[in-house]
Every structure is written in structure tokens, then in C-alpha cells.
Amino acid sequence: MKKIIAGISMALLTVVLALTLAGCSKAGSIQKAYEDAGYTVSSHAASEDELKDKGFSDEDAKDASSYAIYVVYDKATGKIPVATYIKYPSADKIKDLMTTTKDDGSKDTSAYDEAVESGLINGDCVYIGVPTGDVFNIFKNA
């Protein structure tokens, strides 16, 4: 009886862990949403220079291998970039980078909260560009 209970417990634990780890990144579901809408999506690991060009500090850019840049291309030609989004190591990393410290020492997360509310942040991904039109709505709703 103990072996049966232990086996069931291990199976349940395995399923819970698999589901928890599988839901970590939104980048794949965003890419799939664009591809389902007829767009072409290309991704590559970010370089330090690319991150610095996007406004990252030298310290944050040193960890470039944990970021990915996704470029969405026009439906008709597949050659004209119409959107870009960056996959961060985690949603917490985005929040940390967008949190400022007030004079009284308290943390201000208003910039992060506004970006999430407006749809510029979806999970661990940040939309880069003008937040309007079909391309942005796909990112926001993915």
C-alpha cells in the first residue's frame, strides 16, 4: 500500500513540476500567436551591444545570453520588420529594472504597473515600438 501511495505521490509531483516549469516564458505563445496570424517571427540571442543600444546599462548587458530578441516581419513580404519584443530572463527581472527608489527609501513600481496595464509587458516579454494596431494587439493578447 505504501508503494502505491508513494508512486501516486511521485506521479502527481512530476506533473505539477512539469506544468510549473512549462509556463515560465510567454515568448513561445507570443511567437505562435504572430505566426497563426500570418506573420514571420525571427529570434536570436541578444548581444551586449544590442542591449546597450536598447538602453540597458553596462551591468545588465553583461548578462546578454539570458535575453532573446524577437523580430516580427510583415505578412505580405516577410522582409519588413513590423514589431520587436525582448524576452527577459524573468518577469521579476523586468520589474526590478523598472522599479525606482524614492527619496524616502520606498520602492516605486508605477512605471512597471503602467506598462503591464497598457500591454507593453506580457509575462517575461517587453514590446518595443509604437503600441498601436493589429501587431501590438496580438502581442498584448497572446
Side-chain angles (χ1 to χ4, degrees), residues 3-142:
K3 288 183 180 182
I4 293 172
I5 292 174
I8 292 172
S9 297
M10 291 302 292
L12 288 174
L13 181 60
T14 303
V15 169
V16 168
L17 285 173
L19 292 174
T20 302
L21 295 175
C24 291
S25 179
K26 289 288 288 184
S29 62
I30 294 169
Q31 180 175 355
K32 183 171 179 355
Y34 278 120
E35 290 171 347
D36 288 348
Y39 293 93
T40 303
V41 181
S42 168
S43 68
H44 64 278
S47 69
E48 280 189 49
D49 292 335
E50 283 178 309
L51 293 180
K52 288 178 185 176
D53 290 344
K54 301 274 186 220
F56 283 72
S57 69
D58 290 344
E59 183 179 326
D60 291 324
K62 287 180 185 176
D63 193 23
S65 63
S66 60
Y67 295 83
I69 297 176
Y70 289 78
V71 180
V72 181
Y73 293 95
D74 180 65
K75 286 186 206 183
T77 65
K79 296 179 181 180
I80 301 169
V82 293
T84 302
Y85 61 98
I86 298 175
K87 180 197 159 298
Y88 283 69
S90 69
D92 290 338
K93 181 67 173 175
I94 299 169
K95 190 171 187 175
D96 289 345
L97 291 173
M98 295 183 80
T99 298
T100 57
T101 304
K102 295 180 182 180
D103 292 336
D104 64 1
S106 64
K107 301 288 184 181
D108 180 14
T109 62
S110 61
Y112 173 80
D113 297 336
E114 288 173 21
V116 169
E117 186 175 315
S118 68
L120 291 170
I121 296 174
N122 187 345
D124 60 347
C125 297
V126 175
Y127 185 85
I128 307 295
V130 180
T132 60
D134 183 47
V135 175
F136 174 66
N137 287 330
I138 292 170
F139 175 85
K140 186 168 91 171
N141 297 321

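The analysis underlying the following values was restricted to heavy atoms, covering all of them including side chains, and did not include hydrogens, waters or symmetry mates.
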Please answer whether the main-chain N or O of Phe139 pairs with a side-chain N or O of Asn122 as donor and acceptor at a distance below 3.5 Å.
yes
Neighbour count above 12 (heavy atom, 6.0 Å) for Asp103 CG:
no
Compute whether any side-chain donor of one residue and acceptor of the other, for Ser110 and Asp108, lie under 3.5 angstrom apart.
yes
Sorted by chain and residue number, the side-chain contact (heavy atoms from CB on, under 4.5 Å) partners of Asn137 (sequence neighbours excluded) come out as Lys140, Asn141
Any side-chain donor near an acceptor of the partner, Ser90 and Asp92, under 3.5 Å:
no
Hey, what do you get for OH (Tyr112) to CG (Leu120), rounding to the nearest 0.5 Å?
12.0 Å
For Lys87 versus Ala27, what's the shortest heavy-atom pair and its separation?
CD-CB, 3.7 Å
Check: Glu114 main-chain N/O paired with Ser118 side-chain donor or acceptor under 3.5 Å
yes
Euclidean distance, Glu48 CD relative to Phe56 CZ, rounded to 0.5 Å
12.0 Å
Could you tell me which residues satisfy salt bridge (charged side-chain N to carboxylate O under 4.0 Å, His left out) with Asp36, sequence neighbours excluded, listed by chain and number?
Lys32
Is the distance between the ring centroids of Tyr67 and Tyr88 under 6.0 Å?
yes
Checking Lys95 side chain against Thr109 main chain: does a donor-acceptor pair fall under 3.5 Å?
no
From Lys54 atom NZ to Asp60 atom CG, the distance as rounded to the nearest 0.5 Å
15.5 Å
dist Thr40:OG1 -> Gln31:CD (nearest 0.5 Å) comes out at 10.5 Å
Closest non-hydrogen atom pair, Lys52 against Ala61
CG-CB, 3.8 Å
Quick test of your reading of the model: are Asp74 and Lys79 salt-bridged, counting only N-O distances below 4.0 Å?
no
Would Val82 and Tyr39 count as a side-chain contact (heavy atoms from CB on, under 4.5 Å) if you check the C-alpha gap in whole Å, the side-chain angles of each, and the deciding distance to 0.1 Å?
CA-CA 9 Å; Val82 293; Tyr39 293 93; 4.0 Å; yes
